[in-house]
Amino acid sequence: MNLRRDVFQAIADPTRRAILLLVASHSMTAGVIASNFDTARPTVSRHLQILTECGLLEQEQEGREVYYHLNPKKMREIAEFIEPFRKLWDDRFNKLEAVMKKYKSKK
Amino acid sequence: MERKTKVHAEDGKQEITITREFDLPLELLFKAYEEAELVEQWMGTRVLKMENKKHGSYQFETTDPMGNKHRFNGTIHTFLPNQKITRTFEMENTPFEVQLEFLDFESLTSDTSKLTMHVVYRSVELRDQMLKLLFAQGINMAHNRLQEVIQKLK
C-alpha cells in the first residue's frame, strides 16, 4: 500500500492543486497543462501521475492525445469534497476571528 | 482538533449550511462583514464595491497563484445589522449560476456569537460542481492566506 496515494496527501502540493483548478474547467492534455507552469515538463507529468493514481484525475484517449479531466465518480464521494470546502471556511473564519480580536484591542 | 466550522451538505440536495461559533461578541462578528477594510483582511480579497443596504451590491476580486484575477459579485437583499444579511453570490466569467446566501448572526453570550450561512444553488448538479471547483480552488486561496501570514512572520 502506498500512503502517498491518499487524496489529501495529493492535494497538499500547491502545483497539484493548481492543476486540479485548471482541469476543473475543462479537460486538457498534459502538454497544455504543463504550458501553464514554469515547472519542468517531467515534474508536471509526475504530478499528473500522482493525481491519476489517487483517482482525482482520469485519462481519456482521443486519437493520439491523452486528455485529463476530474473524476466524476470521486465527486459522488461528496464527503471528501466537503472537507476542503469546510477547511476553506474554517481558515477564513479563523482569520476573521484573529482580525477582529486585533481590531478590538486597537479600540 | 476542535471543528469549530461545520458544513452540512446532504447528498442530492441543492443547498449547503455552514455554521461557526466565534469567540467574538455579536457586534464584532457583524462588523467583520460590514466594513470593507476588515472584509479585505479576513477574506484575502480586494473589495471593489460594497453597498450594505437593501438593493445594494458588492464586488470582490481575488488573485490566484498563477496571477489570474477572479471577480465575484452579488446583490444585497436584506441588511439587518447584527442580525441578517441576504445576498446573491456570483463568480464572474464562469459557467456557474448565481447562488443565494442567507447569513444569520446570533449572540450566544456577551463574548461569543454564531453565524449560520445557508447557501442555495440552482440545482444539485450545480452545487456539486461548485464543491468540485472549490475543492481545487478553495484550498489554493486558503494556502495563499497561509503563505501571506507566514511571510509576515519572517
Side-chain angles (χ1 to χ4, degrees), chain A residues 7-26 33 35-39 51 54 56-57 68-107, chain B residues 1-12 16 18-25 27-33 35 37-45 64-66 68 94-95 115 117 125 127-149:
Chain A
V7 172
F8 294 108
Q9 198 73 40
I11 58 173
D13 181 272
T15 307
R16 286 201 287 274
R17 287 196 301 269
I19 290 173
L20 288 172
L21 175 58
L22 263 180
V23 180
S25 54
H26 56 93
I33 294 169
S35 70
N36 281 279
F37 298 92
D38 295 330
T39 326
L51 288 169
C54 75
L56 284 169
L57 285 187
Y68 288 87
H69 60 87
L70 281 187
N71 181 357
K73 266 177 268 159
K74 274 278 164 193
M75 254 319 287
R76 301 234 176 262
E77 297 165 30
I78 277 276
E80 235 166 74
F81 279 85
I82 286 173
E83 178 51 25
F85 180 75
R86 193 199 68 78
K87 181 81 172 64
L88 161 73
W89 281 102
D90 198 45
D91 287 345
R92 274 188 191 160
F93 289 148
N94 286 341
K95 182 78 188 163
L96 185 159
E97 210 167 65
V99 164
M100 294 316 288
K101 278 184 177 166
K102 215 196 286 174
Y103 175 85
K104 186 173 142 191
S105 63
K106 266 194 288 183
K107 292 273 140 174
Chain B
M1 186 191 81
E2 194 196 352
R3 291 197 159 183
K4 289 176 109 182
T5 306
K6 289 179 186 147
V7 171
H8 183 73
E10 266 180 63
D11 216 356
I16 294 179
I18 306 159
T19 54
R20 162 79 181 218
E21 291 181 9
F22 291 89
D23 292 323
L24 295 169
E27 291 70 25
L28 274 182
L29 169 61
F30 195 83
K31 202 172 262 298
Y33 275 85
E35 289 191 14
E37 196 190 320
L38 294 168
V39 170
E40 288 191 330
Q41 286 183 48
W42 72 265
M43 283 278 292
T45 186
D64 73 18
M66 285 172 278
N68 303 313
T94 70
L115 169 67
M117 204 173 152
E125 290 70 31
R127 180 197 74 167
D128 291 354
Q129 227 182 336
M130 185 63 88
L131 279 178
K132 182 167 78 172
L133 184 80
L134 282 169
F135 175 74
Q137 187 185 44
I139 315 175
N140 266 320
M141 289 164 72
H143 182 79
N144 287 349
R145 289 242 39 96
L146 190 67
Q147 273 185 331
E148 273 174 44
V149 171

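Here is how names work: the chains are called A, B, and so on, in the same order as the sequence lines, proteins then strands, and each is numbered from 1. These figures come from a predicted structure and were not determined experimentally.
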- [ ] Check whether B:Glu37 gets within reach of chain A through its side chain, its backbone, both or neither, counting any heavy atom under 4.5 Å.
- [x]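 Contact with chain A involves no heavy atom of B:Glu37 at all.
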
- [ ] Go through the atoms of B:Ile18 and report whether side chain, backbone, both or neither lie under 4.5 Å from a heavy atom of chain A.
- [x]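 Answer is side chain: those atoms of B:Ile18 sit under 4.5 Å from chain A.
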
- [ ] Evaluate the criterion side-chain contact (heavy atoms from CB on, under 4.5 Å) for residue pair B:Arg20 and A:Asp90; output intermediate values, then yes/no.
- [x] CA-CA 8 Å; B:Arg20 162 79 181 218; A:Asp90 198 45; 2.9 Å; yes

Open item on the list: Less than 4.5 Å to any heavy atom of chain B: does that hold for the side chain of A:Asp38, its backbone, both, or neither?
Closed with: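 Neither part.
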
TODO: Test A:Asp91 against A:Lys95 for salt bridge (charged side-chain N to carboxylate O under 4.0 Å, His left out), laying out the working first.
DONE: CA-CA 6 Å; A:Asp91 287 345; A:Lys95 182 78 188 163; over 6 Å; no

Open item on the list: Tell me whether the rings of A:Phe85 and A:Trp89 are parallel (<30°), tilted (30 to 60°) or perpendicular (>60°).
Closed with: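 Plane angle over 60°, so perpendicular.
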
Task: Verdict with reasoning, B:Leu24 to A:Lys104, per side-chain contact (heavy atoms from CB on, under 4.5 Å) - done: CA-CA 9 Å; B:Leu24 295 169; A:Lys104 186 173 142 191; 5.8 Å; no

